[in-house]
Amino acid sequence: MRAERSGLREGDDEDFSVVPTQSPSQVQRNLESRSQEEINRKVTELVQFLLVKDQKKIPIKRVDILKKVIREYKDVYSEIVNRAGRTLQQVFGLQMVEIDTKHHIYILTSTLPRVEGENLKQDIQTAKLGLLIVILSFIFMKGNSAKDSAVWEFLRRLRVHPGEKHEVFGDVKKLVMEEFVRQKYLEITPIPLTDPPEFNFQWGPRAAKETSKKDILSFVAKMQKKEPSFWISQYNEAKANT
């Protein structure tokens, strides 16, 4: 079906930015006007689209779902998304979670049981995620915010040098400041009036969805061979966030 038939112009984000609000009965009527084969095809396309995005850890925008997958099926958007969500959960152990309600941005998180001490979803990038857990731990123990200079110094003590090419991580600074930020594991905020520019590191929304402060504190406690309650402030905060 050509875009013009549904009043849409290719490349026009405006047309894909809004999903019409419909009652369940309206959605049902719209479903009845389409074949199950058409709907199932769109569900399969959406599942594949979401899995590709998740493999690259790229946050998923609703406008991209509408433009690249749903297109002229906007009137049954909710049903397609719900069916794709059930497939992701039942087959792949993944859940679609909205991390930005204003701009409608989503990520996929694992619904499978987490291995103690390995709180982020495991995949072929285990080494990178191990480094990420260490950085998230450092930020949490520093009061949920840490200067970039403090993060780099901490990594140097672990023999991971931000200015050198690492045999596993490659360009460490690019990994941390670009890849982890793009994937929404970290957020970086410029510190005003600093020359050269300095930045604050904080947890990003994906980190908050895929792990917890309780799990991170347990990880730190194991590394330090102490009880989590040794760090009173962090322990109380972790309990409050449970």
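All residue numbers refer to positions in the sequence shown, counting from 1. Below, all heavy atoms of this structure are taken into account, side chains as well, without hydrogens, waters or symmetry copies.
- In this structure, Ile139 and Leu186 have side chains that are in contact, with non-hydrogen atoms separated by less than 4.5 Å.
- Taking Glu187 as the reference, nothing meets the salt bridge (charged side-chain N to carboxylate O under 4.0 Å, His left out) condition, with sequence neighbours excluded.
- Distance check, rounded to the nearest 0.5 Å: CG of Asn200 to CD1 of Ile191 gives 4.0 Å.
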- Under the salt bridge (charged side-chain N to carboxylate O under 4.0 Å, His left out) rule, what do Arg41 and Glu37 come out as? Steps first, then yes or no, please. CA-CA 6 Å; Arg41 179 171 57 82; Glu37 186 179 348; over 6 Å; no
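- The CD atom of Glu227 lies 9.5 Å from the OG atom of Ser218; values are rounded to the nearest 0.5 Å.
- Note: the hydrophobic cluster containing Phe230 also contains Phe219 (ILVMFWY, side chain heavy atoms under 4.5 Å, direct or indirect links).
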- side chain to side chain contact (heavy atoms under 4.5 Å, CB included) between Thr87 and Leu46: does it pass, once the steps are laid out? CA-CA 10 Å; Thr87 299; Leu46 180 54; over 6 Å; no
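- If you take OG on Ser78 and CZ on Arg83, they are separated by 10.0 Å, rounding to the nearest 0.5 Å.
- Between Ile107 and Gln183, every side-chain heavy-atom pair lies at or beyond the 4.5 Å cut-off.
- Hydrophobic clustering (ILVMFWY, side-chain heavy atoms < 4.5 Å, transitive): Leu132 and Met141 are in one cluster.
- Remark: the backbone N or O of Asn144 is not paired with any side-chain donor or acceptor of Trp203 at under 3.5 angstrom.
- Residues that satisfy the side chain to side chain donor-acceptor pair (under 3.5 Å) test with Gln234, not counting sequence neighbours, are absent from this structure.
- The side-chain heavy atoms of Lys53 and Pro59, taken from C-beta on, include no pair separated by under 4.5 Å.
- Residues passing the ring pair (Phe, Tyr, Trp, His ring centres under 6.0 Å) test with Tyr235, sequence neighbours excluded: none.
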- Item | Residues Trp231, Val220; criterion side chain to side chain contact (heavy atoms under 4.5 Å, CB included); working and verdict | CA-CA 10 Å; Trp231 297 274; Val220 173; 4.1 Å; yes
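- Shown here are the salt bridge (charged side-chain N to carboxylate O under 4.0 Å, His left out) partners of Glu198, two or more places apart in sequence or in another chain: Lys147.
- Residues that satisfy the ring pair (Phe, Tyr, Trp, His ring centres under 6.0 Å) test with Phe138, not counting sequence neighbours, are Phe154.
- Residues forming a side-chain contact (heavy atoms from CB on, under 4.5 Å) with Lys61 (at least two apart in sequence, or on another chain): Val63, Asp64, Ile105.
- Annotation: side-chain contact (heavy atoms from CB on, under 4.5 Å) contacts of Phe199 (sequence neighbours excluded): Asp148, Met177, Ile188, Pro190, Pro197.
- Here Leu217 contributes atom CG and Ser229 contributes atom OG; the two are 9.0 Å apart, rounded to the nearest 0.5 Å.
- Judged as a side chain to side chain donor-acceptor pair (under 3.5 Å), and not counting sequence neighbours, the contacts of His103 are Asp100.
- The shortest distance between side-chain heavy atoms of Val69 and Ile80 does not fall below 4.5 Å.
- Rounded to the nearest 0.5 Å, atoms CD1 (Ile135) and CD1 (Ile216) are 11.0 Å apart.
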- Apply side chain to side chain contact (heavy atoms under 4.5 Å, CB included) to Glu38 and Val76, showing your working. CA-CA 11 Å; Glu38 289 177 320; Val76 287; over 6 Å; no
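- Residues Val172 and Glu164 come closest through the heavy atom pair CG2-O, 4.3 Å.
- Taken from CD in Glu153 to CG in Leu155, the straight-line distance is 9.5 Å, to the nearest 0.5 Å.
- Residues Tyr185 and Glu210 are in side-chain contact: their nearest non-hydrogen atoms beyond the backbone lie under 4.5 Å apart.
- Hydrophobic clustering, with ILVMFWY side chains joined whenever heavy atoms are under 4.5 angstrom apart, groups Leu136 together with Val181.
- Annotation: side-chain contact (heavy atoms from CB on, under 4.5 Å) contacts of Glu178 (sequence neighbours excluded): Lys174.
- Looking only at distances, no side-chain donor or acceptor of Thr211 sits under 3.5 Å from a matching main-chain atom of Ala207.
- Residues satisfying the salt bridge (charged side-chain N to carboxylate O under 4.0 Å, His left out) test with Glu98, not counting sequence neighbours, are none.
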- Test side chain to side chain contact (heavy atoms under 4.5 Å, CB included) on Val176 and Phe169 and set out the steps. CA-CA 10 Å; Val176 174; Phe169 306 122; over 6 Å; no
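- Not counting sequence neighbours, the partners of Phe201 by the ring pair (Phe, Tyr, Trp, His ring centres under 6.0 Å) test are Trp152.
- For the side-chain contact (heavy atoms from CB on, under 4.5 Å) test, residues two or more places apart in sequence or in another chain that qualify with Arg182 are Glu179.
- Ionic pairing of Lys42 and Glu45 is present here: one or more N-O contacts between side-chain nitrogen and carboxylate oxygen are shorter than 4.0 angstrom.
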